[in-house]
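Here is the structure we will look at, set down as structure tokens.
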Amino acid sequence: MSSPDGAYVLPDSFDDGARQCGANILTALDAGVAKMRIDFDTSAGDITYTTLRNSLPIARTLMLMLAEKLCVEANGQPAGKLQMLMPDEGTAALVAREWAPPPTVHCASIARYRVPEDAVACIVVAPTSLDTGALDALLNSEPVMSGNVPVIVLNPQLVNMNTGALGLEGRQMLKRMASEFPDVFVLQTLPGAAITRKYPDKYAIWQEDPEAPGGFRFVRDDPKRPSAFAISEELYEDTETPGWLKELKSLINSLQRL
């Protein structure tokens, strides 16, 4: 699925999206981007599972792809270890046991984490508002500040979606993410729509269309990332706004007042 001029492509499967995501991360790293944000959400607004649960499949795929590319020198010698940082020790232990990661990968909890000397990059998986302090400590560490150890934040959820609560640390982290972490890859599915981005291109908006090849048609591009509410209002302005969109608009308005 692509735009009429071929400039934008909507992945047609998880594997296709994962391949594009991994390739774009490597492209950004080669371009000198040392901090980046990845949003890979194929839930289409379904909140049956948590963001962490939904993030684990793509996290595992990226782990294998990036470990192969970043952790081995051209001569076959190990270059260091990829750091997979989970929100809690239980998830880190589960991942280390069930994923059977290669020896070039280290799985840990972000809480009280210290960057080891052999780190080649850190992937922070689905950090929440509870992880703001630990994420801030990671970003302020010397290996990260110097740019020697890139940080990839995958599917951050820094606002408590149940309460809309956002403390001082949370506000500061949101500002930091916005200013320091470009959206290197975005695949966000919504009810009847999708938003994509591959750094350094613009964002692309897609609308579900049963008659279009692949079931989606390209609507337009945008230099700034549009909100889910803005997209749904634009594409479905002639229909009654669903309840979940009204709640989302209320939350967005509250955050914009901060």
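Around the CZ atom of R220, the shell of radius 6.0 Å holds more than 12 heavy atoms that belong to other residues, nucleotides or ligands.
In this structure, C107 and A92 approach most closely via the heavy-atom pair CB-O, 4.0 Å. Smallest separation of non-hydrogen atoms from P156 and I38: CD-O, 4.1 Å. Taking all atoms of both residues into account, the shortest heavy-atom contact from N24 to V184 is ND2-O, 2.6 Å.
Judged by distance alone, the side chain of T61 and the main-chain N or O of P57 form a donor-acceptor pair under 3.5 Å. Within the 3.5 Å criterion, the main-chain N or O of D201 finds a donor-acceptor partner in the side chain of R197. Although no hydrogens or angles enter the test, the distance criterion places no donor-acceptor pair under 3.5 Å between the side chain of S232 and the main chain of F229.
Defined by atom type and a distance below 3.5 Å, a donor-acceptor pair is present between the side-chain atoms of D5 and S3.
Counting only residues at least two apart or on different chains, the side chain to side chain donor-acceptor pair (under 3.5 Å) pairs with a member in residues 29-39 are K35-E180, R37-D39, D39-R225. Residue pairs meeting the ring-ring contact (aromatic ring centres under 6.0 Å, His included) criterion with at least one member in residues 3-35, sequence neighbours excluded, are Y8-F218, F14-F40.
For Y199, the ring-ring contact (aromatic ring centres under 6.0 Å, His included) test picks out no residue, with sequence neighbours left out.
Side-chain contact between D136 and M173: present, with at least one pair of heavy atoms (C-beta onward) separated by less than 4.5 Å.
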